[in-house]
Asker: 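Take a look at the following structure, please.
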Amino acid sequence: MNQSDTAAKEESVGKNESAMDVGDTNTNMTKQSTGRQLVAIVFLLALATKMFLLPIFLIQTPGRDAYIAMSVFGAFDLLLLVMILIAIKISRSDFFELLSSVIGKVGSKIAVSLVALFLLFKLNICVAEILTFYGTNVFTDFDTSLMIVVLLAFFTAVGTHTLRSLCRLNEILAPILVVCLAVLTVIVIMTAVDLANIFPAVRNGEKFVSGTFHHAAWTGDFTPLVLFIGRTKTKKHTGIYAAASGLIGTATAVFFAIVLSAAFGNVTMLVDSTTNLSSILQYTSGNVYGRLDMFSSILWSISVFMEASLFFYAVCRCITYVIGVNKHFAVSLGVCVAVYVVQVFAFLDLMRFSIIVSSYACSVIVPTAAFAISAAPLVCALINNGKQRRKSTEAKGDAH
């Protein structure tokens, strides 16, 4: 193949990827992620936000039962993950085409608009946690509103690239995340935390139920995976490996929640707005390891950047589908403006952020929307497959 043929082929692939971003469902040309990349992303999503502020908020409400609340959230998200993975396995169309084929073009755009709002809310939770971590632990004298600009510049670059690029970036960073978590786990085990402090469990059932309910906004972390439907090169056991990856990631988050609960079960006044990881390592180790926790935590925080990037990308692609044009840069800038406004005027104050995300409305709407978004492509795929089977049966009957 000469250079001109190679260039023409690359140009064709680029056009196909660009077309796919507004709903093209030619699955022979739109496979932008591999099964291995999907497995890595599932692991990242399973623990990214669940190991930042959530354990801190839970330890201040259900107390020593925070790890049980974390387990409840993890089980719920794993259920949603399974539904999405089944849809990825059985569907030959992407998320947008699935909705359009069942509820029509107009109905699908209305539905996708609602999905975009949900993803935007989840994106803002991720961004708030990033800013809290770096504003509290790293750049304590830096203006957070300026820090947002740097973060949004990174997001703009994400929004103008394809899913393939995001998957490749995550594939490079995933090993670093695993190594950092391994280091943290070893250090925590060496501290010999007294796990007896987590017992007896659920001594105050009313407080546990209330605390768990009011933090349900941290569910739905796997919802960006709906964009992988019809775009992932799956193999025979891809779904099993991805589900196992989600289970391991969830178990990791629960493990650190158990350690945190054991460390602070009776002294919740010591828990502040720093991160779960720093709190665990500083208070349980007696600071004998110096600030190794900060080194590991900063590297580990890469996972939150990646999760936020996935949510940002998903929001941009939903909006692109609704407006029906490939204006990726303009859409990315618009989403950045929306995130900036929310962060500066609502989420920068940690107390206000906590009140908003733990409100009754968020606690009801977020898990309900997460379930609906995860179930919708599976239901649509089953309906489409049923229609195809009926047509095939009718065609065979006519032939006879």
Side-chain angles (χ1 to χ4, degrees), residues 7-33 41 93-101 103-127 148-170 223-232 305-345 369 373 376-377:
K9 182 177 179 181
E10 291 178 350
E11 182 180 359
S12 176
V13 171
K15 289 181 178 179
N16 286 324
E17 291 181 359
S18 180
M20 180 274 297
D21 285 330
V22 292
D24 182 16
T25 56
N26 184 349
T27 55
N28 292 325
M29 303 300 294
T30 61
K31 300 293 187 181
Q32 290 206 39
S33 66
I41 287 177
S93 303
D94 69 14
F95 177 62
F96 306 120
E97 181 64 23
L98 282 173
L99 293 179
S100 179
S101 64
I103 62 178
K105 192 72 172 180
V106 175
S108 66
K109 289 196 173 187
I110 295 174
V112 172
S113 298
L114 297 176
V115 171
L117 289 175
F118 171 84
L119 295 172
L120 180 62
F121 178 78
K122 293 290 295 183
L123 168 62
N124 275 286
I125 290 181
C126 293
V127 173
I148 300 176
V149 175
V150 178
L151 182 61
L152 295 182
F154 168 73
F155 284 159
T156 302
V158 169
T160 55
H161 286 75
T162 63
L163 184 61
R164 185 192 304 275
S165 301
L166 199 56
C167 289
R168 287 176 175 173
L169 177 60
N170 179 75
T223 47
L225 293 178
V226 296
L227 291 191
F228 285 74
I229 298 173
R231 304 180 183 181
T232 305
F305 277 102
M306 285 305 305
E307 181 176 41
S309 299
L310 284 168
F311 274 104
F312 184 88
Y313 177 88
V315 172
C316 291
R317 291 307 175 264
C318 286
I319 294 176
T320 301
Y321 172 76
V322 172
I323 63 178
V325 293
N326 278 321
K327 299 295 183 181
H328 297 313
F329 181 73
V331 170
S332 297
L333 286 181
V335 175
C336 285
V337 171
V339 171
Y340 185 87
V341 171
V342 172
Q343 294 299 319
V344 171
F345 295 101
I373 293 170

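Keep in mind the model is a prediction, meaning the values are calculated, not measured.
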Asker: After noting the C-alpha distance and the side-chain angles of T156 and V335, does the key distance pass the side chain to side chain contact (heavy atoms under 4.5 Å, CB included) rule?
Answerer: CA-CA 9 Å; T156 302; V335 175; over 6 Å; no
Asker: If you define the side chain from C-beta out and look only at heavy atoms, does anything of T320 sit under 4.5 Å from K327?
Answerer: no
Asker: To the nearest 0.5 angstrom, please state how far the CD atom of E307 sits from the CG atom of L123.
Answerer: 10.0 Å
Asker: For the CZ atom of F305 and the CG atom of N170, what is their distance to the nearest 0.5 Å?
Answerer: 14.5 Å
Asker: If you take all heavy atoms of S113 and V322, which pair is closest and at what distance?
Answerer: OG-CG2, 3.5 Å
Asker: Taking R168 for the side chain and L163 for the main chain, is one N or O donor matched with an acceptor at less than 3.5 Å?
Answerer: no
Asker: About how many Å separate OG of S165 and CG of L169, when rounded to the nearest 0.5 Å?
Answerer: 9.0 Å
Asker: Answer whether the closest heavy-atom distance between the side chains of V127 and F155 falls below 4.5 Å.
Answerer: yes
Asker: Which value, rounded to the nearest 0.5 Å, describes the distance between I110 atom CD1 and L114 atom CG?
Answerer: 8.0 Å
Asker: In the structure I gave you, are the side-chain heavy atoms of I323 and V331 within less than 4.5 Å of one another anywhere?
Answerer: yes
Asker: What distance do L99 atom CG and K109 atom NZ have between them, rounded to the nearest 0.5 Å?
Answerer: 13.0 Å
Asker: Are F121 and L117 close enough that some pair of their side-chain heavy atoms sits under 4.5 Å apart?
Answerer: no
Asker: Check for a donor-acceptor pair, side chain of K105 on one end and backbone N or O of S100 on the other, with a separation under 3.5 Å.
Answerer: no
Asker: State, to 0.1 Å, how close F118 and I373 come at their nearest heavy-atom pair, and which atoms those are.
Answerer: CD2-CD1, 3.4 Å
Asker: Please determine whether side chain to side chain donor-acceptor pair (under 3.5 Å) holds for the pair S33 and T232, giving the CA-CA distance in whole Å, both sets of side-chain angles, and the decisive distance to 0.1 Å.
Answerer: CA-CA 5 Å; S33 66; T232 305; 2.9 Å; yes
Asker: Locate the shortest heavy-atom distance separating S309 from V158; write the atom from each residue and the value.
Answerer: O-CG1, 3.8 Å
Asker: Let me see the working for C167 and F228 under side chain to side chain contact (heavy atoms under 4.5 Å, CB included), right down to the final yes or no.
Answerer: CA-CA 10 Å; C167 289; F228 285 74; 3.6 Å; yes
Asker: Quick check: does any side chain N or O of Y340 sit under 3.5 Å from a backbone N or O of I148, one acting as donor and the other as acceptor?
Answerer: no
Asker: What distance separates L98 CG from S108 OG, expressed to the nearest 0.5 Å?
Answerer: 10.5 Å
Asker: Does any part of the side chain of L333, heavy atoms only, come nearer than 4.5 Å to the side chain of L152, both counted from C-beta?
Answerer: no
Asker: Should the ring pair Y321 and F96 be called parallel, tilted or perpendicular, given that the plane angle runs from 0 to 90° and is split at 30 and 60?
Answerer: parallel
Asker: Closest heavy-atom contact between A116 and I319?
Answerer: CB-CG1, 4.4 Å
Asker: Please examine the side chains of T223 and F311, heavy atoms only from C-beta on, and report whether any two atoms are closer than 4.5 Å.
Answerer: yes
Asker: Ignoring hydrogens, what is the shortest heavy-atom contact between C316 and G159? Give both atom names and the distance.
Answerer: SG-CA, 4.5 Å
Asker: List the atom of R317, the atom of H328, and the distance in Å for their closest heavy-atom pair.
Answerer: NH1-ND1, 3.4 Å
